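What follows is one structure encoded as structure tokens, with my remarks underneath.
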Amino acid sequence: MTVKLRDLLQAMAEAPGTSGSALASRFGVTRAAIWKQVKVLRAFGAPITARAGHGYRLDAPLELLDGRRIAAHLREDFARSCPIEVFWQIDSTNSELLRRAQTGMSATTACLSELQSAGRGRRGRSWHAPLGGGLTFSVFRSFSSSMAALAGLSLAIGIGIVRALTDLGYGGLGLKWPNDVQVDGRKLAGILVELGGDALGPCHAVIGIGLNLRLDAQAGTPIDQAWTDLASIPGVPLPGRNVLAARLLGRVLEVLDEFEQATFAAFVDEFARHDVLQGRAIRVIGAGAERAGMAAGVDRSGALRVRGATGEYLVDSGEISVRQVSGAGA
Ligand code: BTN
């Protein structure tokens, strides 16, 4: 007999300070079995403290994801048109929706997971999030258009994330082309858009979002760039994870509708208001080559405009690093 990790975590979140023996009798297992599962939860990054005489408690409040609660906070038409599935653990929410795209599903579908065993970032990187310390989810959307018409989609999704966080009272949010949401040059969220279907249409997009909520130094260790989390942004109490997921999902669905109607062209001005690269000296790291220049905004298809020594050129994929100018940079 073993206790499910989710149930144990939920019990500790609901009743901080419950002793090992109380948990053991509640779940009909031994104290040793509770301890064994606590060690597993800790290895996943759950901030559990155990002190003799004080029971188990979480160092930070934790709200587990619940599809019905997320749907209840969504606009009614979105809640009706977008099935939401919540996993405890999966390899990757993007991979799951890509797999399902092979067999067919609702035109818009959302998938969230508390844990990803193989979370993926852009350019072959991994995405790490401690249990309860982040939000990791993906949205599937089918389009009748060609894949070419989806140029700039990941930038538009970034705008959706900024809108959602602004609704919740956060400020100082920036977008780093093509897909990072930043605060003070530190990455808060990343977006991974993967396309499938017929290049000439119909096609589909799986849009994956990873957002840092509360990361400690240990959770941040595998991240190979400057990072931040929502809990470190002063002045705004950290929202519950279900409300947060609903706000993000709602804005993403809204952006998808706008994008489908009007392409990225409709978002150019809004992107410019959050563009952290604008006017900065950058290096464009592409397939095997690097080019330097000055970032000059994005065009109507979401390509980055760069002013180089020989004139302006467009970049539609790649990695950007901000060049160190008089001690500044990221
Ligand atoms: C990046 O910044 O490199 C993109 C990160 C995207 C991570 C999210 S987490 C949910 C979804 N599932 C994945 O495996 N990746 C995306």
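Order of listing sets the numbers, starting from 1, for every ligand and every atom in it. The model shown is predicted, which means the values in this text are computed figures rather than measured ones.
- Salt bridge status for Arg186 with Asp184: absent, with no side-chain N to carboxylate O gap under 4.0 Å.
- Checking Ser321 against Arg283 by side-chain atom types alone, a donor-acceptor pair falls below 3.5 Å.
- Looking at Gln116, its side chain does come within 3.5 Å of a backbone N or O of Thr93 through a donor-acceptor pair.
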Write 'none' if nothing qualifies; otherwise put on separate lines each N/O atom of ligand 1 with a protein N/O atom under 3.5 Å away and their distance to 0.1 Å.
residue, atom, partner, partner atom, Å
ligand 1, 2 (O), Lys187, NZ, 2.5
ligand 1, 3 (O), Arg122, N, 2.7
ligand 1, 12 (N), Thr93, OG1, 3.1
ligand 1, 12 (N), Gln116, OE1, 2.9
ligand 1, 14 (O), Ser92, OG, 2.7
ligand 1, 14 (O), Arg120, N, 2.7
ligand 1, 15 (N), Arg120, O, 2.6

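- Remark: Arg300 engages no residue in a salt bridge (Lys or Arg N to Asp or Glu O under 4.0 Å) (not counting sequence neighbours).
- For the side-chain hydrogen bond (donor to acceptor under 3.5 Å, both in side chains) test, no residue two or more places apart in sequence or in another chain qualifies with Ser146.
- Residues passing the ring-ring contact (aromatic ring centres under 6.0 Å, His included) test with Phe140 are His204, sequence neighbours excluded.
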